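Counting starts at 1 for both ligands and their atoms, in listed order. In this text the structure is predicted, and so the values were computed from the model without any measurement.
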Amino acid sequence: MSHHSSEIDVVVVGAGMAGLVCAHRLRGRGVRVLLLEACPQAGGRTVGAEVGGEAVDLGGQFIGPGQDRVYALAEELGVAVFQTYTAGANLLETETGRLRGFRGMVPKLGPLTLLDVGRAQSRLDRLARSVDTETPWRGPDAFDGQTLRTWIDRTAKTRGGRRFLTLACQAIWACEPSELSLLHALFYIRAAGSLSALTDVEGGAQQDRLDGGAHGLAGKLAERLGPVLRLGEPVRRIEQDDSGVTVTAEDGTAWRAGYAVVAVAPPLAARIGFHPPLPPARDNLVQRLPMGSVLKCVATYTEPFWRQADLSGAALSLRGPIAMTVDSSPRSGGRGVLIGFVTGAAARELGTRSPAVRRRILLDALTRLFGSRAGAPLGFAERNWNEEPFTRGAYSAVFPPGAWTGSGSALRAPCGRIHWAGTETSTRWYGYIEGAVRSGEAAADAVTPLLPR
Ligand SMILES: Cc1cc2nc3c(=O)[nH]c(=O)nc-3n(C[C@H](O)[C@H](O)[C@H](O)COP(=O)(O)OP(=O)(O)OC[C@H]3O[C@@H](n4cnc5c(N)ncnc54)[C@H](O)[C@@H]3O)c2cc1C
């Protein structure tokens, strides 16, 4: 089946937050836009589910200060913001399974280890200030010639410090320090403002939540877009010529438009056939960028029972496989919800197990942290993002050494009539919902003046 239309100005590919915001902004300007999404629902890396009667986020969820565009979007769409629960003690599980309570962001690691971690953190912040997020590929070659692993091993003097910094990397980037260029880590820190902006709850990226879940933003945008959004349309081919683009979905349906905005993560964009082929630098770049590896689990309970024991529900584990947990109970009170993240190599390993075995392993890990009630939830769900056919990992694409300085300038550069969006193209809050929103707005702004009046 083929359907060519001259009624479309811009085809946007991918209805994650970036594509939704891009289409929404273009439509608000009277641009004739079509948004094609591969999955049966919009939202991409923000997706919701009902678990034990609670609406929960299986993907992106938290927002925080400095993420102005996502707060503005929430206000525009009438979605209330509330604070993440932080009262009570956080937990650190050691490699041997001992539990240590702590307040604030820094666990009780021992004075030498604490000093080591503190020094490494200020050095990372200082180095990050030398990276220009508009042009990270101009960052010192030396930063891009080493992994975060190499840097940690050289910088941290204590075994505990190295172990804790490894856990921080797994939690922030959902990958191993050996997989990540130091330059990318610095760019990412700079794009958020500082390392504590990434790690903190109060004052940081985990400070606030959206009532009903972050996926509600995507749902509301999808509603507003109505027939402009077509679900279940994986785009397989984009051709361009002097007068426009032809975007073809898996079933052969094709749409003709003036421009295309591709709002999918770079490794997924690499699976679309482009004709004529994209410039070598662009292809070279996307050949190098894997996604991080993450599995998120959600367990719901009759009440947030850990609060009675003066626990915040936040935990870090050096033992794993859950690297961290957060209290994700609804704003209204009532039910208790714990979320857990398995990242990097642990996520890839756990992904090889059957769902039943994974469930047992994940509930055992929650039980070690919060006691036997944690092992008997009302509802339980997990999403292995590495398996999702149109995401293939998360939270975002990971730059290994050499990728930024080698071909990074091709990341955001339009290729003829094809423009790029998605959190990976944002100069602020790369990897976050905020980055996705900003990138969608930026792509809409870039394409609008090109359109015939
Ligand atoms: C477990 C997890 C936890 C996270 N936690 C947070 C958090 O707390 N706070 C935060 O800010 N961020 C968080 N993130 C990251 C955040 O969710 C993402 O940065 C953001 O949602 C990315 O949006 P996007 O539009 O750029 O990309 P995506 O959401 O990936 O959207 C791309 C869309 O394109 C579609 N697509 C792909 N290929 C094709 C094709 N060929 N044709 C048509 N459609 C296609 C995909 O299905 C998808 O819907 C988290 C992510 C995950 C997975």
Which ligand 1 atoms, with their elements, are less than 4.0 angstrom from a heavy-atom of [X]?
{"X": "Ala394", "answer": "53 (C)"}
{"X": "Cys39", "answer": "47 (O)"}
{"X": "Gly44", "answer": "29 (O), 48 (C), 49 (O)"}
{"X": "Gly43", "answer": "29 (O)"}
{"X": "Pro234", "answer": "42 (N)"}
{"X": "Leu36", "answer": "43 (C), 44 (N)"}
{"X": "Ala18", "answer": "25 (O), 26 (O)"}

Could you tell me the residue and atom name of the protein heavy atom closest to [atom], and the distance to it rounded to 0.1 Å?
{"atom": "atom 23 (O) of ligand 1", "answer": "Ala436 CB, 3.4 Å"}
{"atom": "atom 36 (N) of ligand 1", "answer": "Val264 CG1, 3.6 Å"}
{"atom": "atom 8 (O) of ligand 1", "answer": "Phe62 N, 2.9 Å"}
{"atom": "atom 43 (C) of ligand 1", "answer": "Ala38 N, 3.3 Å"}
{"atom": "atom 7 (C) of ligand 1", "answer": "Gln61 N, 3.3 Å"}
{"atom": "atom 17 (O) of ligand 1", "answer": "Arg45 O, 3.3 Å"}
{"atom": "atom 34 (O) of ligand 1", "answer": "Gly14 CA, 3.2 Å"}
{"atom": "atom 35 (C) of ligand 1", "answer": "Glu37 OE1, 3.3 Å"}

Between [X] and ligand 1, does any nitrogen or oxygen pair lie at a separation below 3.5 Å?
{"X": "Gly19", "answer": "no"}
{"X": "Thr423", "answer": "yes"}
{"X": "Trp385", "answer": "no"}
{"X": "Arg236", "answer": "no"}
{"X": "Val235", "answer": "yes"}
{"X": "Ile433", "answer": "yes"}
{"X": "Gly59", "answer": "no"}
{"X": "Gly431", "answer": "yes"}
{"X": "Gly422", "answer": "no"}
{"X": "Leu58", "answer": "no"}

For [X] and [Y], does a side-chain donor sit closer than 3.5 Å to a side-chain acceptor?
{"X": "Arg224", "Y": "His24", "value": "no"}
{"X": "Arg149", "Y": "Thr166", "value": "yes"}
{"X": "Ser407", "Y": "Asn284", "value": "yes"}
{"X": "Gln83", "Y": "Gln207", "value": "no"}
{"X": "Arg348", "Y": "Ser293", "value": "yes"}
{"X": "Thr427", "Y": "Arg412", "value": "no"}

Contacts of type side-chain contact (heavy atoms from CB on, under 4.5 Å), residue Leu378, not counting sequence neighbours: Thr300, Thr302, Arg335
Measure the distances from the heavy atoms of [X] to every atom of ligand 1 and state whether one is below 4.0 angstrom.
{"X": "Glu233", "value": "yes"}
{"X": "Ala174", "value": "no"}
{"X": "Thr391", "value": "no"}
{"X": "Ala263", "value": "yes"}

Proximity to ligand 1 by part of Val13, non-hydrogen separation under 4.0 Å: side chain
Determine yes or no for a side-chain-to-main-chain donor-acceptor pair under 3.5 angstrom, with [X] supplying the side chain and [Y] the backbone.
{"X": "Arg417", "Y": "Gly258", "answer": "yes"}
{"X": "Asp57", "Y": "Gly59", "answer": "no"}
{"X": "Trp385", "Y": "Leu58", "answer": "yes"}

Step-by-step ring pair (Phe, Tyr, Trp, His ring centres under 6.0 Å) determination, Tyr188 to Trp173: CA-CA 9 Å; Tyr188 197 100; Trp173 288 287; 5.5 Å; yes
For Glu50, side-chain hydrogen bond (donor to acceptor under 3.5 Å, both in side chains) partners two or more places apart: none
Closest candidate by heavy atom, reference atom 6 (C) of ligand 1, pool Gly16, Ala15, Gly60: Gly60
Worked check of side chain to side chain contact (heavy atoms under 4.5 Å, CB included) between Leu363 and Phe380: CA-CA 9 Å; Leu363 288 177; Phe380 178 84; 3.8 Å; yes
Close aromatic pair by centroid cut-off 6.0 Å: Trp404 and Phe187: yes
Aromatic centroids of Tyr430 and His184 separated by under 6.0 Å: yes
Salt-bridge criterion met for Arg358 and Glu382 (N-O under 4.0 Å): yes
Step-by-step side-chain hydrogen bond (donor to acceptor under 3.5 Å, both in side chains) determination, Ser243 to Arg256: CA-CA 10 Å; Ser243 61; Arg256 183 80 182 156; 2.8 Å; yes
Lys/Arg cation over aromatic Tyr395: Arg45, 6.0 Å, 45° cone: no
